[in-house]
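To start, the structure under review is shown below, and the notes come after it.
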Amino acid sequence: MASQCAKEVKRVREAFSGAIAELTALEAAKSIEESKIKDIFAVHLRFLRDKSLRKRITDYVRDELTTAEYALSVTLREIASHFARMDDPYISERAADFYDMEKRLLTQLLGKVREDVEHLTSEVVIVAHDLSPTQTASFNKTFVKGIATEAGGRTSHTAIVARSLGIPAVVALEEVTLTVTADSTVIVDGNRGMVIIDPNEETVKEYQRYASELSQFEHRLYVIKDEPAVTRDGVNITLLGNIEFDDEAEMVKERGGDGIGLYRTEFLYLYNDSEPTEQDHYEAYAHAVRTFESQPVVIRTMDMGADKYPQSGRRPVESNPVLGLRSIRFCLQNLTMFKNQLRAILRVSVLGDVRIIFPLISNLQELRQAKMILRDVMEDLDESGIGYNPDVPVGIMIETPSAALTASLLAGECDFFSIGTNDLIQYTLAVDRANEHVSTLYSAADPAVLSLLRNVIHDANKAKIGLSVCGEVASDPEFIMLILGMGVRTLSLAPPMIPEIKQVIRSVTLKECNQLARKVATMDSQRQIKNYLRDVAIKILPEAF
Ligand code: PEP
Ligand code: MG
């Protein structure tokens, strides 16, 4: 351990030397006119040459026995958030410098490895402290067979992207980066949330058997892909897919989905360094819409912020990003960007059954503002003689307790709701969905969450507007009977999970679902509810567990 520690300390020092050399060269290459950039580089150089900063990181490695990467990220982020909390904007803006330096130093440490990840030629498991959703989306799933991270939660966007790609992932693992080495053998059991490092021969054999059973199960499910999602007592359920990229639309179709229930368009921004043009938006949406012809494609306006930022790392400095300028709030303060996207969505609305959904609406005023901007864009298109569907359905995501509690008001001014349980749970229980330290407190089975769900479902059905659930609970076999029993008839979920969820639906009657929902309503603890739902689900589809 002592020699490993010395190696990590040496890596920290080398990363600093490398970053200083790189910055010095960059600074020298800048002309006098680029003096602003030169100034920034000079500030970074000053910090990087500061011996006490380096010492703080190497001390962390020695005291906590961590890798160089981990110590560096923790220390620089601590300093960044300290700066961010300052009232003086000049000082608080320095936080961004520390994020930049973190990136530069990590590139020194990981640069080569990163390149390797992009050019893989054999199968690997990615083990990391944290991965951004964008990094995860760039993995080649032919070679990346599993992901294990220390940070994150089951519904963080990194986990969601991995699920969409069909890559088994386990997040919120304590100190996994310290336990593996480059030549470890790693089993990632995404179903049970387990990672086994350097398993013995017997365990490997057991998992080979399990993997083969799973693939037979998947094959059996594939056979029912064209069968309807109908309960045994004849109630039809609509199954739609959640996508991040337009080319996933084919996967939804191939797995037997009836359309797109949630298109997370912000990935268009996250993937590119520059802001997408109206035409970039148009082409991506048109591809998804054409794949589904007359079936619905629900396009969500950009939901940036919280754990989703553009590649460039540009982000507002906020001490509480989840409660900050994210999602619709960001759009309403960046109208050029917002209108650009709305124009593209309206233009594709003539190609099929396109619907617009606004994320994170937390009050009626916000919905009215968003609709007003949409009307402005419609008028602009009218003036330019560009066609669109003037009756394009407009819906909102129900993701905050305030929206859930005022659902009857909101239902009066929109065409449909989609319940985003990922965020709704986070905001109801005050638990960051991407924070591994509180991940055990995050639960869809919490009576508070279920009470809000009941309210929203009741109000949407009473107002006779469209209703779906598009959070991760819709991909979870344990929750399907409960959601149906509560009155939901449309689910939007991760494309690879569509066949499995269809099988659950085809195995139950609505009568049983209603009974189950009534029974759950009498229970008072999340543990009791969770155990009950699990016991029932295991009986219905034992292969899924
Ligand atoms: C949700 O919050 O449940 C949701 C579907 O949106 P996202 O996961 O993209 O935040
Ligand atoms: Mg959300």
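Numbers here are sequence positions counted from 1. Remember, it's 1-based here, ligands and their atoms both numbered in the order they're listed.
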Is ligand 1 under 4.0 Å from a heavy atom in the side chain of [X], in the backbone, in both, or in neither?
X    : answer
R300 : side chain
Q426 : neither
E472 : neither
I160 : side chain

Exercise. Is there a side-chain contact between F358 and M397 (heavy atoms, below 4.5 Å)?
Worked result: no
Give the atoms of ligand 1, by number and element, whose distance to some non-hydrogen atom of [X] is under 4.0 Å.
X    : result
R433 : 2 (O), 7 (P), 8 (O), 10 (O)
L262 : 5 (C)
M397 : 4 (C), 5 (C), 6 (O)
E399 : 1 (C), 2 (O), 4 (C), 6 (O)

Seminar exercise, completed: among protein heavy atoms, the one nearest atom 7 (P) of ligand 1 is H157 NE2, 3.2 Å
Would you call [X] and [Y] a salt bridge, taking side-chain N to carboxylate O under 4.0 Å as the test?
X    : Y    : value
E413 : R368 : yes
R264 : D303 : no
E478 : K530 : yes

Problem set entry | Side chain E399, main chain L360, donor-acceptor under 3.5 Å | yes
Exercise. Counting only heavy atoms not in R154, do more than 12 sit closer than 6.0 Å to its CZ atom?
Worked result: no
Problem set entry | Residues, nucleotides or ligands: over 12 heavy atoms within 6.0 Å of E174 CD | no
Exercise. Just distances here: any N/O of E266 and N/O of ligand 1 closer than 3.5 Å?
Worked result: no
Seminar exercise, completed: Vertex the Mg ion (ligand 2), ends D423/OD2 and E399/OE1: angle to nearest 10° comes to 100°
Seminar exercise, completed: Between L106 and S73 the two heavy atoms that sit nearest each other are CD1-OG, 3.7 Å
